[in-house]
Each structure stands twice: as C-alpha cells, then as structure tokens.
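Data block below; observations after.
In the text below, chain A, chain B and the rest are named by the order of the sequence lines, each starting its count at 1.
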Number of protein chains: 2
Amino acid sequence: MQMSRADILKRLEQHKVTPTPQRLEVAEVLLERPQHLSADQILDRLREAGSRVSKATVYNTLKLFSERGLVRELTVDPDRRYYDSTTHAHHHFFNVGTGELSDIPEDQVEILKLPALPDGTEQESVEVLIRVRDRQTP
Amino acid sequence: MQMSRADILKRLEQHKVTPTPQRLEVAEVLLERPQHLSADQILDRLREAGSRVSKATVYNTLKLFSERGLVRELTVDPDRRYYDSTTHAHHHFFNVGTGELSDIPEDQVEILKLPALPDGTEQESVEVLIRVRDRQTP
DNA sequence: TTCTATGCAAAGACTTTGCATGCTG
DNA sequence: CAGCATGCAAAGTCTTTGCATAGAA
C-alpha cells in the first residue's frame, strides 16, 4: 500500500468522506498497509505519535469509514471490532490465543458448494474463518 | 432434541458441570431445541417463566457451559454473544438486519481447498458464515 | 447570521469480577 | 469446623449519543 497523504485524501473523497485533520490521522495509520486493527490499537498508535484525538472520535471515524466502504469491519472477537484496510473479499485466520488476525488470499480457498439462501434474503458476503491456536511445544 | 429434565441432568454431568437450580433452568431453555440465543434472550425467557435468576448468573452459566463444551459460543454479532445448542461442526446464515441466525447443515457446504496454517499453530475450527439481508420488495 | 457538520464528555450496553452466602467432607 | 463452590451487586470495557463548537452559505 504505502499511501502518500495525497493518496489518502483521494481515497477519502472517493468514498464521500469529508477530510478533517482527525480523519486523516486515523486513515494514515490504518491504510498504511494491509492490516487489521481495533479502535484502541489505532488510538494507541496515534497517541504515541503525539496526536490528541479523543477516543470517541476514533470510534466514530472508524464507524464512518466502514459505512462508506473505505475499510471493512470484521467480527471475529466478541470483545472488540477489527477494521481491515483490505476491502475486497478474502478470508481470515484468527489466533484465538493471541487475538492475531491474518489474511487468507481468496485463491487459497475454494468453496465447491453453498446452500440456497433463506427465502426473501439476498447474500451480503461469504466468509471463511479458520480459528487457530498456538501449538503446544512442551 | 426435546430433552427431559433427566436428560439435561445427564448432559450436565457428562460435561462435568455441577447441577444447580439456576444452571438447570438455563440449560432447559437453551437445550430445548437446536437454536441460537443470547444471554439476554435467555434471561427474558426465564423471567417470563417466573424465574428470579440474576443477569450475572445467566452470563456466568453460559460461559461455563461453553468452556465445558456443553454449548458453543458464536461470534457473528459484535454486540452480543450467541450460544448454540448444537455443538457439532456446522455453518451459519446471519441476517444482518434482523440478527437472526440459522444453521447450514454441514453437508450443504463443501470446501475444496484450504490454505496451510500459519507456522506453529493448530486448527481449532473452520467456519463459513454467510451474511444475508432481507431483499427489498418495493 | 442561520444552518450544517464535527469532536468530545458523558452515558449506555454487554460482560466479568470480588465478595458474601451456603454447602460438603 | 475448614474448605470449596455458587450467585449476585457492583465494577469494568468497549462503543454510541447528545450537545457545544466551528465552519459554510
């Protein structure tokens, strides 16, 4: 990824997000490279870098970004929402011990057969989540 | 399913859960049939039936049940944990509008290819989640 | 100046903890 | 009687709301 400030501005505009200083800061951290971060992780990074954004602004900004399709919200850990800088369809590994999330390239998974959808519904997404844990090495 | 009180007692014992009046009440509601319920939904049903269990006890009981493998915890909605009375591997539909969860029988999904696991990890589960939404009927 | 959008303190929702209570050996 | 398990009030964490502030027309 490695987006310049100008690239980020462009991407915000593409998604109809009015750029503000705080939104730019959040976008810079999350869009820097393909990654999965929680709101608090982003807040920590911003604070380390000297920013003074409030917690609520980070949460609200990420919510806005995901509503506008700029990032993708992941539901894999009941304790926190992760935001994915990669928005196209792909699958995930989730390490239940460490909370670490990693991408599975789409071509590494092939689903042969899927069921019919419930009546009156349309598909929004198909996600494969492989939960893993660190192997014991005693 | 349709378990009698005796069946439920047996199932608790099989999973090394000491039966208490409150645990039996929670188990009766959740294990009655294949279903997915949140802690608060279970609390509501218990209260309607005249029970006086506390909220915390319902939460703690469900946590214990899932640790002991009596039920399965599902992570599909960041706002609440669902508990599944069906513990064997299977997949789910999740209606993002209504919050409704439904089972996909295991034989309705065939995964042809899965990636190698990250180094040093072992697989815990593979879950397919199909998010759907009600189709617009204007 | 009026109207709209932004940013944060405080409130809210879900869940867990710590201690009082009761039971077992 | 000692020791352990149980159940709940209160506290904690993550997230959203409502209002004060700033900016645009």
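Rounded to a whole Å, the CG atom of Leu64(A) is 12 Å from the P atom of dT16(D). Atom NZ in Lys63(B) sits roughly 9 Å away from atom C1' in dT17(C) (whole-Å rounding). Rounded to whole Å, the distance from CG on Leu62(A) to P on dT6(C) is 15 Å. Protein atom OH of Tyr82(B) is 16 Å distant from nucleotide atom C1' of dT15(C), rounded to whole Å. Taking atom CG on Asp79(A) and atom P on dT15(D), their separation rounds to 9 Å, with Å as the unit. Taking atom CZ of Phe65(B) as the reference point, atom P of dT6(D) lies 11 Å away to the nearest angstrom. dT13(D) atom C1' lies 9 Å from atom CG of Asp40(A), rounded to whole Å. Here the C1' atom of nucleotide dT15(C) and the CG atom of Asp77(A) are 13 Å apart, to the nearest Å.
In this model, the phosphate group of dC8(C) is approached by a side-chain N or O of Thr57(A) to a distance below 4.0 Å at OP1 or OP2. The side chain of Arg80(B) contributes no N or O atom lying less than 4.0 Å from OP1 or OP2 of dA13(C). The phosphate of dT15(D) has OP1 or OP2 within less than 4.0 Å of a side-chain N or O from Arg81(A).
The 5' end of DNA chain D is approached more closely, in terms of each residue's nearest nucleotide, by Asn60(B) than by the other of Asn60(B) and Pro78(B).
Listed by residue number, Thr18(B), Thr20(B), Gln22(B), Arg23(B) are the residues of residues 15-29 of chain B with a heavy-atom contact under 4.0 Å to DNA chain D.
With respect to Arg131(A), the salt bridge (charged side-chain N to carboxylate O under 4.0 Å, His left out) criterion is satisfied by exactly one of Glu73(B), Glu124(B), Glu127(B): Glu127(B).
Here the shortest heavy-atom pairing between Arg23(B) and Thr18(B) reads NH1-O, 2.8 Å. Residue Leu43(B) comes nearest to Lys55(B) through the heavy atom pair CD2-CG, 3.7 Å, listed as atom of the first residue, atom of the second, then distance.
Comparing dC8(D), dT16(D), dT15(C) by their closest approach to the side chain of Ser54(B) singles out dC8(D).
Listed by chain and number, the residues in a salt bridge (charged side-chain N to carboxylate O under 4.0 Å, His left out) with Glu100(A) amount to none (sequence neighbours excluded).
A donor-acceptor distance shorter than 3.5 angstrom exists from the side chain of Thr61(A) to the backbone of Thr57(A), with no hydrogens or angles considered.
No donor-acceptor contact under 3.5 angstrom links the side chains of Asp103(B) and His91(B), judged on distance only.
Counting heavy atoms from C-beta on, the side chains of Asp40(B) and Tyr59(B) come closer than 4.5 Å.
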